[in-house]
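Contents: one structure, followed by commentary.
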Number of protein chains: 4
Amino acid sequence: MSTADTPSASAGRKRADVRRNEQKLLDAAAAVFVRMGIDAPVREIAAESGLGMGTIYRHFPTRADLVVAVFRHQVDALAAAVDAAPTAGTPYEVLRQWVHRFADFLVTKHGLAEALHSDQAGFESLHNEFVERLMPVLDQLLKASAAAGYTRSDIRAYDFMLAVGNLCIGVENFPDYQARRMIDLLLAGLAQTAPASTGEEPEQRRP
Amino acid sequence: MSTADTPSASAGRKRADVRRNEQKLLDAAAAVFVRMGIDAPVREIAAESGLGMGTIYRHFPTRADLVVAVFRHQVDALAAAVDAAPTAGTPYEVLRQWVHRFADFLVTKHGLAEALHSDQAGFESLHNEFVERLMPVLDQLLKASAAAGYTRSDIRAYDFMLAVGNLCIGVENFPDYQARRMIDLLLAGLAQTAPASTGEEPEQRRP
Amino acid sequence: MSTADTPSASAGRKRADVRRNEQKLLDAAAAVFVRMGIDAPVREIAAESGLGMGTIYRHFPTRADLVVAVFRHQVDALAAAVDAAPTAGTPYEVLRQWVHRFADFLVTKHGLAEALHSDQAGFESLHNEFVERLMPVLDQLLKASAAAGYTRSDIRAYDFMLAVGNLCIGVENFPDYQARRMIDLLLAGLAQTAPASTGEEPEQRRP
Amino acid sequence: MSTADTPSASAGRKRADVRRNEQKLLDAAAAVFVRMGIDAPVREIAAESGLGMGTIYRHFPTRADLVVAVFRHQVDALAAAVDAAPTAGTPYEVLRQWVHRFADFLVTKHGLAEALHSDQAGFESLHNEFVERLMPVLDQLLKASAAAGYTRSDIRAYDFMLAVGNLCIGVENFPDYQARRMIDLLLAGLAQTAPASTGEEPEQRRP
DNA sequence: AATGAATGAGGTTTCATTCAT
DNA sequence: AATGAATGAAACCTCATTCAT
């Protein structure tokens with residue numbers, strides 16, 4: 001009666017603990033992933049989190065579950081970013097900014113870009129998660145830009161997304177590699193639409 | 001001059017055996033790398049080659065040594081290709097063809113593109129090998145194309161090489177991913193030189 | 001007199017709950033034992049019962065306690081069977097029927113016969129339970145049959161009980177094994193008493 | 001030439017070592033099986049043998065392989081025993097002696113009798129090994145005894161063998177259990193053939 | 001009294017690497 | 001020089017059991 005669904009002191013407390021532990025795990029995993037890559041030993045994550053190994057298995061039966069969970073937040077944010085942005089510029093510029101934000105995300109998570117394309121069994125779900133959440137967003141951006149005549153319309157969001165992801169690989173291991181420039185190059189290639197054919201487009205593109 | 005380094009009859013014979021074994025190992029490793037990836041168990045390679053594991057370690061103390069050796073031949077061929085090619089087209093076309101040949105090479109070697117950017121200790125030498133052998137070639141091609149006005153001149157061969165390599169990652173695991181189109185996009189970005197600023201360039205570019 | 005030990009209304013209610021839970025546990029355990037054997041994970045039983053694991057430990061601190069409790073009912077029934085039976089035949093026939101009923105019991109409980117002779121620490125109590133409850137019964141049957149001249153009198157109930165139990169082992173894993181025939185063989189061996197000592201017995205035995 | 005197939009010093013030595021190690025493993029496993037049962041940790045056996053765990057897996061990939069190997073010798077001896085014995089008595093007596101020797105074997109190997117009927121995956125091979133090697137022998141003994149009129153002819157060697165094996169279970173855990181007497185009881189049951197038909201047999205049986 | 005999250009010992013298995021022959 | 005047996009560290013995963021709520 002009284003305890004309806006108000007998180008009562010006792011029931012609520014327990015749930016809070018559990019959630020806190022899950023957060024600890026996610027934080028620890030994120031840290032360890034940065035330090036040792038996505039294949040880090042479970043024990044390492046357990047140690048980092050201060051929790052037991054069994055707890056990890058309870059929360060995330062599969063390594064992929066953990067990886068997906070670790071990054072879900074940021075993937076969500078990324079997916080939401082496109083709506084939040086107050087259309088700061090041309091569709092092409094919006095696209096460009098989002099792509100770089102995507103790259104930011106990948107680059108700051110050591111091993112994430114690599115894991116995205118891993119052939120390791122069990123990482124399909126990670127790949128899928130990204131594709132399902134982000135590809136629609138990117139697709140929308142690409143279509144808008146193409147519709148406005150800024151970019152080619154024959155590039156698939158899937159390919160483009162993976163390509164950007166791939167270009168981020170190795171940034172940390174080879175500090176001399178300038179992934180950003182390559183991403184810009186790819187974006188430039190996108191912009192190089194069948195240009196001078198009519199001559200009107202340029203004005204359209206650069207008003 | 002040529003045979004000068006043949007020691008004695010017996011020693012020479014030995015050397016032939018050794019060299020034959022080395023070749024066996026390289027062939028076996030190449031086959032296994034295709035089958036199981038670049039991280040295949042040493043024992044697997046030993047079995048494939050018909051030789052003992054100890055022999056592998058004698059010849060190639062480090063896994064990277066073996067990997068480098070396995071691909072050196074093809075790297076050499078790639079490096080030589082640029083001279084051999086009878087300038088079949090514009091510098092940009094030559095560049096384009098070489099880049100795709102490079103991609104061919106990476107894509108057909110399961111796991112090679114990945115290994116190139118691996119952070120696994122011991123794979124720097126593989127990276128270095130590629131950089132040392134191929135970057136000069138690519139640099140030359142880029143410079144030629146830029147000098148002829150086809151492409152931007154502010155792109156470093158190092159970045160471009162790694163970028164192309166990166167774009168090849170995942171081809172086998174995600175068959176839907178069309179790496180070639182993305183490589184072409186990158187090349188297109190390269191071509192999109194500082195464009196309509198003067199208006200003369202276009203003629204220069206497509207004579 | 002009878003309800004004298006009911007404490008207070010509230011406490012009594014509690015007790016009812018507790019008893020109900022205990023029954024749930026016993027039912028669940030019985031089901032799980034059949035499904036997964038006597039060593040089934042505690043969690044499995046908890047899940048089956050709808051109760052928590054801690055509750056199991058409260059009621060049955062030791063696995064053996066649970067096992068014993070699960071089967072106590074049927075052990076009791078078996079112990080009682082001898083009185084209930086309206087002496088349907090010769091003492092030997094009564095003995096034989098009881099032995100087969102005992103075998104029925106063991107065979108239908110997956111893993112019970114095995115557990116009875118397990119060296120796993122903690123199963124002594126199971127063994128003891130069986131010995132304490134059933135051996136007296138069997139002893140009585142054996143003595144009656146021997147006294148009537150049907151069977152040897154030099155066989156201990158303890159040995160015989162364990163032997164019958166043992167003969168039931170493997171019935172499920174090796175469907176070709178015909179435990180019943182072997183039990184009958186054992187019973188036949190029992191009947192082969194030191195024969196013609198007096199001369200009257202034989203007629204009595206095989207009329 | 002000279003090294004034909006004579007176990008040369010170098011080649012022969014290695015092989016000898018390997019064999020010696022295998023023997024060490026078998027001895028160690030036998031000891032550990034006695035001490036801790038047939039499910040003893042691999043590490044324990046490794047420790048006992050003074051060899052590494054990997055060596056065990058090399059020699060005996062499966063636990064069952066090891067178990068079978070440990071007991072093969074004695075199984076062989078048991079299988080051979082029937083021929084070696086200089087027919088010391090009636091067929092029934094020969095049968096009886098062999099059965100007891102079989103029991104000796106099982107009883108002295110802690111956990112063997114249990115393992116023979118284990119439902120643990122992977123022990124089928126142990127069961128099979130026993131059945132294949134020993135059942136024919138027992139079958140022959142049973143048939144001989146039956147043919148000479150000493151015993152019933154309707155008992156299958158398979159059942160009888162398993163029964164004897166079963167009766168040995170628990171000898172060590174329950175020192176009060178007299179398995180031998182039960183085996184004799186089973187044998188007695190076997191002998192109690194449809195006797196009184198002629199009346200001569202009894203004399204024949206107990207001269 | 002009940003719950004079930006957390007713990008971590010314990011067992012398994014794989015493979016890179018060494019080294020005696 | 002070649003061999004491959006041996007080693008053992010590492011990683012995985014499962015549950016019995018405890019204990020805070």
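In what follows, every heavy atom counts, from backbone to side chain, and hydrogens, waters and symmetry copies are set aside. Within every chain, numbering begins at 1; the chains are lettered A, B, ... in the order of the sequence lines, protein sequences first and strands thereafter. Quick caveat, the model's predicted, so the values are computed rather than measured.
F71(C) approaches I38(C) most closely through the heavy-atom pair CE1-CD1, 4.0 Å.
Look at R63(C) and you'll find a side-chain N or O under 4.0 angstrom from OP1 or OP2 of dA16(F).
Salt bridge status for R20(C) with D17(C): present, with a side-chain N to carboxylate O gap under 4.0 Å. In this structure, E44(C) pairs ionically with R35(C), as a charged nitrogen and a carboxylate oxygen lie closer than 4.0 Å.
Atoms CD (E44(C)) and C1' (dT14(F)) sit 13 Å apart, rounded to a whole Å. Counting to the nearest Å, the P atom of dT17(E) and the CG atom of D39(B) are 12 Å from each other. One can place CG of L66(B) at 12 Å from P of dT17(E), the figure rounded to the nearest angstrom. dA16(E) atom P lies 16 Å from atom CZ of F60(B), rounded to whole Å. Atom CG of L25(C) and atom C1' of dA1(E) are 13 Å apart (whole Å). Rounded to an integer number of Å, the gap from D17(A) CG to dA6(E) P is 8 Å. In this entry the distance linking NZ of K24(C) with C1' of dT3(E) reads 13 Å, nearest Å. If you measure from atom CZ of R20(A) to atom P of dA20(F), you get 15 Å, rounded to the nearest angstrom.
The nucleotide whose nearest atom lies closest to any side-chain atom of T55(D) is, among dA6(E), dC13(F), dT7(F), dT7(F). In the set dT3(E), dA6(F), dG11(E), the nucleotide with an atom closest to the side chain of P41(D) is dG11(E). For Y57(C), taking side-chain heavy atoms from C-beta onward, the closest of the listed nucleotides dT7(E), dT17(F), dA10(F) is dT17(F). Comparing atom distances between the H59(B) side chain and each of dA2(F), dA6(F), dA5(E) picks out dA2(F) as nearest. Ranking dT17(E), dG8(F), dA6(F) by closeness to the V42(B) side chain, first place goes to dT17(E). Nearest nucleotide to the N21(A) side chain, out of dA5(E), dG4(F), dT14(E): dA5(E). Side-chain proximity of R58(C) to the nucleotides dA1(E), dT7(E), dT12(E) is greatest for dA1(E).
Residues R43(D) and G52(D) each lie close to DNA chain F; by heavy-atom proximity, the contact nearer the 5' end of the strand is made by G52(D). Residue order along DNA chain E, read from the 5' end via each residue's closest nucleotide, puts I56(C) first among I56(C) and G54(B). For L51(B) and M53(A), each mapped to the nucleotide of DNA chain F holding its nearest heavy atom, the one lying further toward the 5' end belongs to L51(B).
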* Strand DNA chain F as a dot-bracket string - pairs counted if Watson-Crick or G-U with both distances under 3.5 Å, | where the partner lies in another strand -> .||||||||||||||||||||

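Checking side-chain atoms of R72(C) against main-chain N and O of E129(C) turns up no donor-acceptor pair under 3.5 Å. No donor-acceptor pair closer than 3.5 Å links the side chain of N21(B) to the backbone N or O of V18(B).
For the atom pair CD of E48(A) and CG of L25(A), the computed distance is 11.0 Å after rounding to the nearest 0.5 Å. Separation of atoms CD1 (I45(C)) and CE (M53(C)) is listed at 11.5 Å; rounding is to 0.5 Å. Interatomic distance, CD of Q74(C) versus CG of L112(C), reported as 8.5 Å (0.5 Å rounding).
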